[in-house]
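Quick note: numbers below take in every heavy atom, side chains included, and nothing from hydrogens, waters or symmetry partners. In what follows, chains carry the letters A, B, and so on, assigned in the order in which the sequence lines appear, proteins first and then strands, with residues in each chain numbered from 1. All figures in this text were calculated on a predicted structure; none of them were measured in a lab.
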Number of protein chains: 2
Amino acid sequence: MSSVTINDVARFAGVSKKTVSRVINNEINVSVETRDKVMAVINQLGFKRNPLGMALAKNRSLFIALLADNPSPGYLQKLQKGILQCCSEEHMGLFLYDCRYRSPGLVNEIEEFIDNTLADGLILVPPLSDKQDLLDMLDRKKVCYIRIGPKNQGCGDSVGFNGVKAACEMTSYLLRLRHKEIAFVLGHPDQESSRRVETGFRKAFADQGLSVNEALIVQGYYTYQSGIDAAATLLSKVPRPTAILAANDEMAAGVLYEAHSRGIKVPEELSICGIDDISLTTKVWPNLTTMRQPIATIGYRAALMLINKLKGKPMPEAVTPEDQSNIYDCELIVRDSTSAPTNLRT
Amino acid sequence: MSSVTINDVARFAGVSKKTVSRVINNEINVSVETRDKVMAVINQLGFKRNPLGMALAKNRSLFIALLADNPSPGYLQKLQKGILQCCSEEHMGLFLYDCRYRSPGLVNEIEEFIDNTLADGLILVPPLSDKQDLLDMLDRKKVCYIRIGPKNQGCGDSVGFNGVKAACEMTSYLLRLRHKEIAFVLGHPDQESSRRVETGFRKAFADQGLSVNEALIVQGYYTYQSGIDAAATLLSKVPRPTAILAANDEMAAGVLYEAHSRGIKVPEELSICGIDDISLTTKVWPNLTTMRQPIATIGYRAALMLINKLKGKPMPEAVTPEDQSNIYDCELIVRDSTSAPTNLRT
DNA sequence: ATGCAAATTGACACCGGTGTCAATTTGCAT
DNA sequence: ATGCAAATTGACACCGGTGTCAATTTGCAT
């Protein structure tokens, strides 16, 4: 491993290594001739800065990590994809850390993880985004973080989607199809998005001057199994709801499975839809109607914000309102799991 | 960040920092009294070795990375889970790197990734496991790696599953159900597991003295879409196969979707099964029969082998033949997507 | 008690970078 | 040409560890 060091470059260029350091860090106060000369040697020798040397000297590793314990694997997968895309472009490594939100020693485990890797930037996925004791520890250790979908979205250290609007649009769509008995499967009570989505659901009814049937709102936990359980409850009711909106696709898939198990035809007898647009939506039959959340974009954005924060670079000028607020809108994707209720169709 | 350094410990314990270094590295030639004294101070002060300092001095980061470009997200997810479990126990960080196998600059990109992170251990997921130019580069850079499911499985630097046996068992199961027209969807031609699984499929027929209907063997690529495409071909044939075995679950799910689209009842009119046992198998309806591969165990094992290799530790004594050979067996999981062909029932 | 090999320990340089501060050079007004 | 502030550069110490090798201590046979 005969890698080229800053000393090699300095010797070749006939300058001190501090000057080389200045050049590779784009510092001011280096004459143009010196900079050109050093750059030429750097390119000629194929020099690359050793990130460990820098990390040690600066006491900042510039490594970032993704901390996740999310009940929807498809969501995480897309988020991870966006984050990795950004890391790749920015020449950063991404550490992965799987955790169990409910573990009592979680904060200590994460602190140990940070000590072991010296990651100095973190991306927090719900429900970690609002875990106050975790945030306190990170602040104490001066570890930067960006949160996905926390309580006070849009405050500069977070990225998220407009859950109110998304759920409202989806519900309005079902109302437009003239569904009357629309059920709703709530998200996990510990996740803020859950509340936003519920608000949106209720808003759609309120906008039409309609009232929500509270008996058709059941608790879910964003997991596939919780979708099955919620559907078991809902599909036993008389009269049965004609449409079920789940707070995420993972649960919507569970609802669909339960409908199949009971021999209920989708969408003829029951419309089902979710939120997120994870890959699972097009792997079940029929494909699920959903609100497409730009998950990968959100991941990319979170990583970019974090990396720029660590490097002390400002974010590029926001061109869209979404980039301005870091709150992204969803898009209605109509697939095969929704239709008008049967009694209204010919 | 007032972290305790090796110098602090040395001063407190009244020894040189080299002696502290000896203690934390468990070197011989430290007197018991000295070791105890230093350990006491280490515990008292809460000293933790700075991995960056060590990495720089030893020229080995002990960081490992997972390189993946696998067509089955559910497979990757489970593999990743096992790897992370091991990393967590061993107090190691795991870098993630997503790549596109077909990208012409892939080897250079990976080299750059390694330079940026200084990972000195890699886990290679198929189809990367057998990419010779990649392996050459890693050998040149003296980067350790463990491969998942490569050509010459069981050679000490790889972990895998017994694909021949798995496919043979699954096919035998279908034959026992008295299916005659059994179709097979091949895996990706670039992945060695694909060949092993095909061998197993053929072996099951040979074991019974039966011959394979070559027209019912179609190419797949381990992706969901390729499963749909293969099913479209197979289900148009007259007579239609009564069972389809796909080389992985991702494709089996695609086959199931296509069957649904054509109104073909599963398992009454068509049995479908796959290999892997990813979470998708229990999210589609009906749940898919499969051969359960201990994916997380394989991931865990790969990570452990890699970490021990990097630390210069020997692997623990193998207790099972699987741990001995690092080739794991699958288990038949019968779910709802398979049954005897209709003409034989009742 | 003495001599000698083995065990234990520490001084020092080094891994590959950066920060501080002083020394040197440059550019401009006089 | 001279003086002075600003720009440029380098010497040196340091980040937190480890490797080498010599110095010191220990344990045992004589």
Asks: Round to a whole Å and report the spacing from NZ of Lys48(B) to C1' of dG17(D).
Replies: 17 Å

Asks: Using the test salt bridge (charged side-chain N to carboxylate O under 4.0 Å, His left out), find all partners of Glu192(A) that sit at least two apart in sequence or belong to another chain.
Replies: Arg195(A)

Asks: Under a 3.5 Å cutoff on both atom distances, Watson-Crick or G-U, what's the dot-bracket for DNA chain D ([ ] crossing, | other strand)?
Replies: ||||||||||||||||||||||||||||||

Asks: Which residue pairs satisfy the ring-ring contact (aromatic ring centres under 6.0 Å, His included) criterion with at least one member in residues 302-327 of chain A, sequence neighbours excluded?
Replies: none

Asks: Please report, rounded to the nearest Å, how far the C1' atom of dG17(C) is from the CG atom of Asp8(A).
Replies: 13 Å

Asks: Rounding to a whole Å, what distance do you find between Ile42(A):CD1 and dG17(C):P?
Replies: 10 Å

Asks: Tabulated below should be each protein N or O lying under 3.5 Å from an N or O of nucleotides 4-9 of chain D; please produce it.
Replies:
{"from": "dT8(D)", "atom 1": "OP2", "to": "Asn29(A)", "atom 2": "OD1", "distance (Å)": "3.1"}
{"from": "dT9(D)", "atom 1": "OP1", "to": "Ser31(A)", "atom 2": "OG", "distance (Å)": "2.9"}
{"from": "dT9(D)", "atom 1": "OP1", "to": "Thr34(A)", "atom 2": "OG1", "distance (Å)": "2.3"}
{"from": "dT9(D)", "atom 1": "OP2", "to": "Ser31(A)", "atom 2": "N", "distance (Å)": "2.9"}
{"from": "dT9(D)", "atom 1": "OP2", "to": "Thr34(A)", "atom 2": "OG1", "distance (Å)": "3.4"}

Asks: Going by salt bridge (charged side-chain N to carboxylate O under 4.0 Å, His left out), name the residues that satisfy it together with Lys81(A), two or more places apart in sequence or in a different chain.
Replies: none

Asks: Taking only residues two or more places apart in sequence or in another chain, which ones pass ring pair (Phe, Tyr, Trp, His ring centres under 6.0 Å) with Phe63(A)?
Replies: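 Phe63(A) satisfies ring pair (Phe, Tyr, Trp, His ring centres under 6.0 Å) with Phe95(A), Phe63(B), Phe95(B) once adjacent residues are dropped.
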
Asks: In whole angstrom, give the distance that lies between atom CD1 of Ile6(A) and atom C1' of dT18(C).
Replies: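 Whole-Å distance recorded here is 8 Å.
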
Asks: In this structure, how many angstroms lie between the C1' atom of dG19(D) and the CE atom of Met54(B), rounded?
Replies: 14 Å

Asks: Holding to salt bridge (charged side-chain N to carboxylate O under 4.0 Å, His left out), I want the full list of residues that pass it with Asp8(A), two or more places apart in sequence or in another chain.
Replies: Arg11(A)

Asks: Report the distance from atom CZ of Arg49(A) to atom P of dG17(C), rounded to the nearest whole Å.
Replies: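 It works out to 8 Å between those atoms.
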
Asks: Among residues two or more places apart or on two chains, list those pairs meeting side-chain hydrogen bond (donor to acceptor under 3.5 Å, both in side chains) that have a residue in residues 84-94 of chain A.
Replies: Gln85(A)-Glu89(A), Glu89(A)-Tyr300(A), His91(A)-Glu112(B)

Asks: Going by the rule salt bridge (charged side-chain N to carboxylate O under 4.0 Å, His left out), which residues pair with Lys58(A) if we only count those two or more places apart in sequence or in a different chain?
Replies: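 Result, salt bridge (charged side-chain N to carboxylate O under 4.0 Å, His left out) vs Lys58(A): none returned.
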
Asks: Looking only at atom types and distance, does a side-chain atom of Asn70(A) sit under 3.5 Å from a main-chain N or O of Leu76(A), one as donor and one as acceptor?
Replies: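 Checking the backbone N and O of Leu76(A) against the side chain of Asn70(A), no donor-acceptor pair under 3.5 Å is found.
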
Asks: Rounded to whole angstrom units, what separation is found between the NZ atom of Lys18(B) and the P atom of dA11(C)?
Replies: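 Value for this atom pair: 13 Å.
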
Asks: Please state whether the phosphate of dG17(C), meaning OP1 or OP2, lies under 4.0 angstrom from any side-chain nitrogen or oxygen of Ser21(A).
Replies: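 No, no such contact exists.
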
Asks: I need the CG-P distance between Asn25(B) and dG16(D), as an integer number of Å.
Replies: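 Between P of dG16(D) and CG of Asn25(B): 17 Å.
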
Asks: Give me the one residue out of Thr297(A), Thr320(A), Asp323(A) that meets side-chain hydrogen bond (donor to acceptor under 3.5 Å, both in side chains) with Tyr328(A).
Replies: Asp323(A)

Asks: At a cut-off of 3.5 Å, list every protein nitrogen or oxygen paired with a nitrogen or oxygen from nucleotides 13-15 of chain D, distance to 0.1 Å.
Replies:
{"from": "dC15(D)", "atom 1": "O2", "to": "Ala57(A)", "atom 2": "N", "distance (Å)": "3.3"}

Asks: Show the atom names and distances, to 0.1 Å, of all donor-acceptor pairs under 3.5 Å that link a side chain in residues 44-52 of chain B to residues at least two apart or in another chain.
Replies:
{"from": "Arg49(B)", "atom 1": "NH1", "to": "Asn25(B)", "atom 2": "OD1", "distance (Å)": "2.8"}
{"from": "Asn50(B)", "atom 1": "OD1", "to": "Leu52(B)", "atom 2": "N", "distance (Å)": "2.7"}
{"from": "Asn50(B)", "atom 1": "OD1", "to": "Gly53(B)", "atom 2": "N", "distance (Å)": "3.1"}

Asks: For residues 99-146 of chain B, which residue pairs qualify under ring-ring contact (aromatic ring centres under 6.0 Å, His included), counting only residues two or more places apart or in two chains?
Replies: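 Output for this query lists Tyr97(B)-Phe113(B).
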
